[in-house]
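As structure tokens, the structure follows; a few thoughts come after it.
Reckoned from all heavy atoms, side chains included, excluding hydrogens, waters and symmetry mates. Please read all numbers here as calculations on a predicted model, not as lab measurements. Lettering follows sequence order; numbering is per chain, from 1.
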Protein chains: 2
Amino acid sequence: MRGTQQAEALSRVLADLSEFRSAQDIHGELRRRGEGIGLTTVYRHLQVLSRDGTVDTLRDETGETLYRRCRTSTHHHHVTCRSCGYSVEVEGPAIETWAEHVAAEARFTDLNHTVEIFGLCPNCTPAQLTSPTTRAQTSPA
Amino acid sequence: MRGTQQAEALSRVLADLSEFRSAQDIHGELRRRGEGIGLTTVYRHLQVLSRDGTVDTLRDETGETLYRRCRTSTHHHHVTCRSCGYSVEVEGPAIETWAEHVAAEARFTDLNHTVEIFGLCPNCTPAQLTSPTTRAQTSPA
DNA sequence: ATATCTGCAAAGACTTTGCAACCTT
DNA sequence: AAGGTTGCAAAGTCTTTGCAGATAT
């Protein structure tokens with residue numbers, strides 16, 4: 001895509017955002033910064049960037065697609081905070097192997113897989129869940 | 001929910017369907033069978049059944065939610081055919097352990113995870129992909 | 001100059017909700 | 001009779017598309 005003001009503004013925001021955000025969030029941030037850019041354009045760029053492998057995408061639990069500038073180029077997965085969106089990348093050679101293995105066993109071909117882990121990050125975890133004296137009373141889904 | 005005709009008709013269809021289907025597919029099947037039932041009702045029942053753990057849900061790559069009567073009560077994942085929807089259940093103790101491990105390492109709590117493997121089932125796999133002499137030329141996503 | 005990009009409005013898809021009529025207990 | 005259930009229609013999300021006008025090279 002040609003270097004338009006909108007494309008550059010989006011690049012800048014993506015560079016600044018450290019967590020996964022929805023297209024609408026990103027558009028909101030652009031507007032907040034005073035950039036003139038339409039939601040449609042944001043969607044269109046994100047689509048291209050994600051196909052390029054420039055941004056990483058993930059689906060949250062509501063089905064919304066979240067985007068973030070790719071950190072590592074290698075295949076990886078995420079542990080994402082349900083509450084604040086904070087997310088860490090994790091590599092899982094074990095998972096890749098496992099996925100290939102079980103799929104091969106079922107004679108499936110042309111594979112791909114999604115693995116997402118959701119939870120509460122340290123900051124969003126209620127205190128009693130971290131205290132070793134008070135054991136967790138909630139039921140992990 | 002009370003035993004209405006609609007609830008029973010839905011139960012019957014779910015019992016017959018062996019693969020994951022969308023709410024709309026299931027509604028279509030019910031209509032095909034001559035059952036008088038609205039799409040809204042199908043959605044409402046599936047929602048309850050899935051919370052009950054009576055049906056299993058999974059999100060396909062387009063973001064649509066698919067449903068199927070639960071087979072095993074234990075935690076498991078699926079290898080699903082992109083083309084025909086055929087799906088097999090796989091258990092992955094290794095995955096569960098891995099997920100817990102990496103999340104704990106990041107100090108996350110109250111975890112849950114999704115793992116979906118998509119591919120082409122044996123029936124939907126083009127012949128040349130299975131032949132050992134002609135190696136795969138396609139680029140697995 | 002011209003092919004591309006932009007963005008509003010509208011369409012599309014899936015899912016949920018409001019509410020009156022209906023059916024089950 | 002009473003209350004949950006049904007289902008049409010309408011609303012709500014997120015996302016994509018049509019198309020005319022603006023823009024970058």
Residue A:E64, side-chain heavy atoms: nucleotide from D:dT17, D:dC14, D:dT6 that is nearest: D:dC14
Output the single nucleotide from D:dG7, C:dT15, D:dT15 whose closest atom is nearest the side chain of B:T65. C:dT15
Starting from P on D:dT15, measure out to CZ on A:R51 and report it in whole angstrom. 14 Å
What is the separation between atom CD on A:E8 and atom P on C:dT6, rounded to the nearest whole Å? 11 Å
Taking any heavy-atom pair under 4.0 Å as a contact, classify A:G36: base, sugar-phosphate, or nothing. sugar-phosphate
Closest to the B:T40 side chain, choosing from C:dT6, C:dT15, C:dT17: C:dT17
Which nucleotide wins on minimum distance to the side chain of B:L39, given the candidates D:dT15, C:dT15, D:dT6? C:dT15
I want to check one thing: is the phosphate of D:dT6, taken as OP1 and OP2, less than 4.0 Å away from some side-chain N or O of B:T4? yes
Tell me if a side-chain donor or acceptor on B:R21 pairs with a main-chain N or O of B:L66 at a distance below 3.5 Å. no
May I have the distance from A:H45 (atom NE2) to C:dT4 (atom P), rounded to whole angstrom? 14 Å
From A:I26 CD1 over to A:L46 CG, what is the distance, rounded to the nearest 0.5 angstrom? 5.0 Å
Of the listed D:dC14, C:dC5, D:dT6, the closest approach to the A:Y43 side chain comes from D:dC14
Determine the contact category for A:Q47: base if any of its heavy atoms lies under 4.0 Å from a base atom, sugar-phosphate if only primed atoms, P, OP1 or OP2 are that close, otherwise nothing. sugar-phosphate
Nearest-nucleotide check on DNA chain C, A:T41 vs B:Y67; residue mapping nearer the 5' end is A:T41
Within the 6.0 Å centroid threshold, strictly below: B:H113 and B:H77: yes
Quick one: B:Q24 CD to C:dT16 P, roughly how many Å, whole number? 11 Å
Look at the side chain of B:R59 and the backbone N and O of B:G63, then say whether any donor-acceptor pair between them is shorter than 3.5 Å. yes
Among D:dA24, D:dT17, D:dA9, the one nearest any side-chain atom of A:Q5 is D:dA24
Pick base, sugar-phosphate or nothing for B:S22, based on heavy-atom distances below 4.0 Å to the nucleic acid. nothing
Expressed as a whole number of angstroms, how long is the span from B:I37:CD1 to C:dC23:P? 15 Å
Whole-Å distance, B:D25 CG to C:dC14 P, equals 9 Å
Considering the options B:Q6, B:R12, B:Q5, B:H27, which one meets the side-chain hydrogen bond (donor to acceptor under 3.5 Å, both in side chains) requirement together with B:E35? B:R12
Rounded to whole Å, CZ of A:R31 lies from C1' of C:dG7 at a distance of 9 Å
Just the rounded figure in Å: distance from C1' of C:dG7 to CZ of A:R44. 7 Å
